[in-house]
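Worksheet: the structure to be examined is printed underneath.
First the proteins, then the strands, lettered A, B, ... as listed; each starts at 1.
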Amino acid sequence: MKSTIVATVPPALQVDDSAPGDRWLTVDMTVNGVPRMLRAPAHRTLLEALREDLGLTGTKHGCELGECGACTVLVDGQPRLGCLTLLASVEGRTVTTVEGLGTTAEPHPLQVAFVDRGAAQCGYCTGGMLLTAAALLADNADPTEAEVRAALAGNLCRCTGYASIVAAVRQAARMVAGGASHPRSGAQG
Amino acid sequence: MSSTGSTRTPDFTIIGHRRSKVDAWPKVTGRANYADDLPFAHLLYARLLRSPHAHARIRAIDATRALAVPGVTAVISGADLPVPYGILPVSQDEHGLAVDKVRFVGDPVAAIAAEDEETADHAMGLIVVDYDVLTACMTVDEALSATGDPIHANGKANNVHKRVALEFGAVEAAFEAAAHVREDLFFYGGSNHLALEEHAAVAEYSPDGRLTLWSSTQTPHYVQRALAKALQLPERRVRVVASVIGGGFGGKTEALPHEVAAARLAMITGRPVKCRLSREEVFYSHRGRHPMHVQLRAAARVDGTLTGLHVRTVLDGGAYGSYGVASTYYSGALPPATYRLPAYRFEGARVFTNKPPCGPKRGHGTPQPRFGLEVLLDKLAEDLGLDPLAIRLKNLVAEDSVTVNHLRVTSCGLRACLERVADASGFLDKHRRLPRGEGVGLAASCYLSGAALPIYWNGLPHTTVHIQADRTGTVHVACGATDIGQGSDSVLASLVAEVLGLDLVDIQLDTADTALAAVDLGSYSSRVTFMMGNAALRAAENLREQVLCAVGRELHLPTHRLILHSGQVALRDERSPIMSWPDALQLTQASGAVLAASGTYAPPPLAGPYKGAGVGPSPAYSYSACVVHVNVDAETGQVVPSEVWLAHDGGRALNPTQVEGQIEGGVYMGLGEALWEEQSFRGPLHAGPTALDYKTPTALDMPIVHCLLVETDDREGPFGAKEVGQGPLLPVPPAVANAVYDAVGVRVDEVPITPDKVLRALDRQARGQPARHGPRRFPDIAYPPLTVVEPPAGAPQL
């Protein structure tokens with residue numbers, strides 16, 4: 001059912017009503033270890049494809065301008081902003097989202113440390129933070145606090161003041177160094 | 001058995017321990033569903049067409065061409081939502097979509113629903129609106145002197161929304177007798193919450209006439225009420241579910257146009273409709289910190305004892321009422337609850353302007369006067385040759401006292417907060433002794449543990465907790481309270497688990513849903529831990545009593561010898577288990593009980609005998625003190641906070657990890673407001689409605705924050721707890737300003753303290769002029785005649 005609205009408008013205010021057109025592409029990639037083939041318009045972003053085509057809603061949008069870091073995922077192990085990455089550009093590549101980082105049963109040490117330290121308050125930045133930190137730890141197993149802060153500087157968090165997040169990343173580094181690759185959290189809940 | 005507040009059990013198994021939050025694992029594995037993540041079949045996507053003009057009459061709207069686009073399902077305008085609503089009963093001035101007039105750039109004019117967002121976006125551009133543009137008022141001064149169309153036809157003259165003038169005690173006498181009077185002007189810039197999650201809502205209307213809205217809201221109950229009114233539905237047929245919420249900070253505490261429009265579109269189309277805002281739209285939806293002009297005048301004895309205070313405020317309200325009447329009262333409510341004041345005068349006013357509406361943000365109406373007051377105290381101390389710590393310690397509000405403006409103060413750890421923060425930071429060794437360019441600043445504050453009065457008048461509980469158990473040992477806890485990331489679900493589970501001797505995983509929660517749980521008023525005014533917590537304790541204690549009575553009868557043991565511990569009924573003295581929790585529940589149920597219990601909480605009657613007394617009273621106040629160490633670059637004007645100490649009296653820390661998280665977050669947001677964040681405008685347009693242009697602190701900008709917990713045991717708080725969500729922000733901006741003065745000797749009486757302001761003040765200093773940057777005049781506002789209120793018996797006297 002279409003609804004309401006009346007009146008006429010001066011011709012000077014009328015606008016072009018041609019519909020948007022676009023080319024469609026087929027993209028092959030591996031997402032969280034699973035081969036995926038998607039057919040989408042050429043302007044589709046990786047963020048849109050993950051959330052809307054694959055249902056991987058753990059990747060968040062906070063600005064869609066590459067400013068907040070909430071949509072950070074790993075492309076071939078490197079942190080990338082999903083909102084600024086065209087789906088077409090990940091053809092043949094490997095994408096990791098927070099859903100692929102680890103599970104409750106087999107968590108990544110970063111996930112354990114984030115839980116322990118209370119580093120996820122509202123949780124909206126958490127996925128992006130985790131993946132940025134995962135890429136850091138893959139490159140640098142024992143980062144200093146300054147290195148952690150520099151790595152996370154593109155990921156905004158409005159809840160924590162970053163203290164618990166930075167502490168959690170360093171705790172995870174120590175856990176990895178201690179050989180506990182996938183320990184469960186000691187705390188309950 | 002029923003109780004309020006502080007408990008008798010010394011050895012907690014959960015309370016006071018560091019526990020991970022109950023929602024931590026879903027959040028770190030990407031499985032927490034925020035409003036935009038919820039899956040719906042046959043979903044329509046809505047977009048809002050927003051006004052490009054700050055002030056205009058709508059002559060006509062033509063949606064013919066938009067409606068003709070394939071995939072467009074409906075277009076609505078203000079004519080489809082004619083009934084006004086608003087969060088406060090006195091400010092019913094909003095419509096889901098503008099009726100007749102738009103009042104700020106971004107005011108929603110029409111809403112469109114389509115099969116996908118792109119089609120909605122494209123077709124929205126085909127809606128043509130014919131405006132008659134009116135003169136816009138972008139500042140308080142412009143609004144006060146405007147001669148054209150008032151922003152609201154039914155508003156008071158000169159676009160004044162609210163005026164208040166209250167006097168407690170002999171103010172004039174205090175100033176006449178004062179050995180020293182200090183007066184100053186301050187300005188506090190507005191700021192946005194910038195919750196990382198952009199607002200989103202999905203509405204669905206069932207064929208039998210029930211509306212459900214899933215939304216990122218802090219206040220499902222108030223949204224339910226507003227939707228019922230705006231859509232003319234019975235409240236009982238409106239269900240509002242707060243999804244997992246990606247931060248609120250006050251920005252999601254009332255019904256917003258996208259929620260109302262999505263609901264109307266769902267009713268018209270019969271399909272679920274989603275509307276989510278872009279970051280730019282969030283900046284224009286706003287409801288953030290009011291820009292505020294503050295004028296303060298303090299009277300003191302030579303020894304620094306305050307004898308009188310006069311606070312004047314003018315709030316730049318933006319285009320709609322929102323919480324603004326409450327914000328206005330809050331701008332004058334709390335100074336007497338922090339410092340002992342025998343005489344107090346407060347004059348406040350809120351003015352409509354053609355900007356996005358302001359509302360509540362963390363600290364609601366109180367950070368702005370707090371900034372002024374704490375800077376003024378620093379200046380007063382210097383005038384009198386005192387140090388900043390001494391002048392505050394001399395004027396502390398007393399525990400278990402009543403203030404001159406009729407606020408009841410119970411537990412108060414402010415002295416301990418000040419002493420601990422000064423000790424830990426070495427404040428007195430550093431103040432005025434650091435090399436130029438380095439400085440320390442001190443400030444203190446207080447905040448409410450929940451507003452004692454509801455937003456709309458009623459005599460009902462502010463919150464209700466229902467607990468239902470069954471033979472398997474499962475415990476369901478239902479409460480309308482809404483976890484916005486602050487951890488209220490974890491608080492609820494912890495309190496019930498503690499009383500019932502269970503673990504957190506044994507507690508199943510149904511929260512933030514007006515259909516599944518009884519009313520909790522919402523996550524605002526730092527009310528949840530205190531109020532929901534007390535209701536939860538009552539409910540859990542009631543269930544415990546039922547179970548222990550049944551077990552005692554069966555085993556011929558007096559109830560007082562039994563406890564619930566580690567999932568067992570145990571003997572109190574020996575702690576030896578005698579029956580498992582499920583067995584005890586089965587026994588209780590077999591004895592005829594229904595294994596359900598409820599608890600409610602309403603604050604005691606606390607409002608004083610005057611109009612406006614409803615804002616300010618709280619069953620308990622939190623206290624904070626802060627020291628900030630800064631480095632100031634005299635060449636660039638850059639202020640770098642290098643270390644922060646914050647001591648907070650939030651009563652008993654139910655979970656120290658969560659409490660520290662709130663303190664660290666409050667310090668962060670306070671530093672953001674002090675140094676970087678400002679919702680500023682260029683003409684009618686937001687100066688930078690993006691997460692980059694609106695500069696917030698990053699991980700690199702944040703200094704080390706030392707959290708010092710001062711655990712008073714509040715006698716009415718749940719297990720002695722008070723608030724921590726908002727209070728720790730308050731002393732941060734003035735501590736920064738005082739530290740800047742300590743570092744380079746200039747006063748910046750205005751936040752944010754940006755490099756240009758520091759440089760201007762340094763320039764004046766170099767030229768031998770008063771080394772200050774800040775407002776030089778106060779808006780030309782006519783306050784109403786003073787309402788003189790007799791102070792209560794026992795209030796501070798001269």
Donor-acceptor contact present, side-chain [X] to main-chain [Y], <3.5 Å:
X         : Y         : answer
Arg279(B) : Glu64(A)  : no
Gln111(A) : Trp25(B)  : no
Arg149(A) : Ala699(B) : yes
Lys21(B)  : Val115(A) : no
Tyr162(A) : Pro697(B) : yes
Glu67(A)  : Leu692(B) : yes

Could you have a look at [options] and say which one has the most heavy-atom pairs with chain B under 4.5 angstrom?
options                                    : value
Leu156(A), Ile165(A), Leu130(A)            : Leu156(A)
Cys125(A), Gly58(A), Cys63(A), Gly102(A)   : Cys63(A)
Gly154(A), Ala151(A), Ala153(A), Ser164(A) : Ala153(A)

Output, in order, the C-alpha distance, side-chain angles, deciding distance and verdict of side-chain contact (heavy atoms from CB on, under 4.5 Å) for Glu197(B) and Lys60(A). CA-CA 8 Å; Glu197(B) 177 203 23; Lys60(A) 305 301 181 193; over 6 Å; no

So, taking the atom named CZ in Arg44(A) and the one named CD in Glu118(B), what distance separates them when rounded to the nearest 0.5 Å? 7.5 Å

Point-to-point distance, once rounded to the nearest 0.5 Å, from OG of Ser216(B) to OH of Tyr124(A): 8.5 Å

Can you tell which part of Leu65(A) gets under 4.5 Å to a heavy atom of chain B, answering side chain, backbone, both or neither? side chain

Heavy-atom proximity to chain B below 4.5 Å, by part of Thr160(A): backbone

Shortest non-hydrogen separation from [X] to [Y] and the atoms involved:
X         : Y         : result
Gly123(A) : Lys27(B)  : CA-CD, 3.9 Å
Cys122(A) : Gly246(B) : SG-C, 3.3 Å
Cys157(A) : Tyr668(B) : O-OH, 3.1 Å
Val98(A)  : Val28(B)  : CG2-O, 3.5 Å

For chain A, which candidate among [options] shows the most heavy-atom pairs at distances under 4.5 Å?
options                                    : answer
Ile484(B), Thr690(B), Ile704(B), Ile507(B) : Thr690(B)
Arg31(B), His17(B), Arg276(B)              : Arg276(B)
Met669(B), Glu660(B), Gln486(B), Glu280(B) : Met669(B)
Gly270(B), Ala123(B), Gly661(B)            : Gly661(B)

Which bit of [X] is near chain A, if near means a heavy-atom gap under 4.5 Å: side chain, backbone, both or neither?
X         : result
Gln658(B) : neither
Asp36(B)  : both
Leu194(B) : both
Gln662(B) : both
Met702(B) : both
His193(B) : backbone
Thr29(B)  : both
Leu196(B) : both

Salt bridge (Lys or Arg N to Asp or Glu O under 4.0 Å) for Glu117(B) and Arg51(A)? Distances and angles first, verdict last. CA-CA 14 Å; Glu117(B) 259 181 327; Arg51(A) 288 181 57 82; over 6 Å; no

Salt bridge or not between Glu677(B) and Arg158(A)? Use side-chain N to carboxylate O under 4.0 Å. yes

Do other residues, nucleotides or ligands put more than 12 heavy atoms under 6.0 Å from Arg271(B) CZ? yes

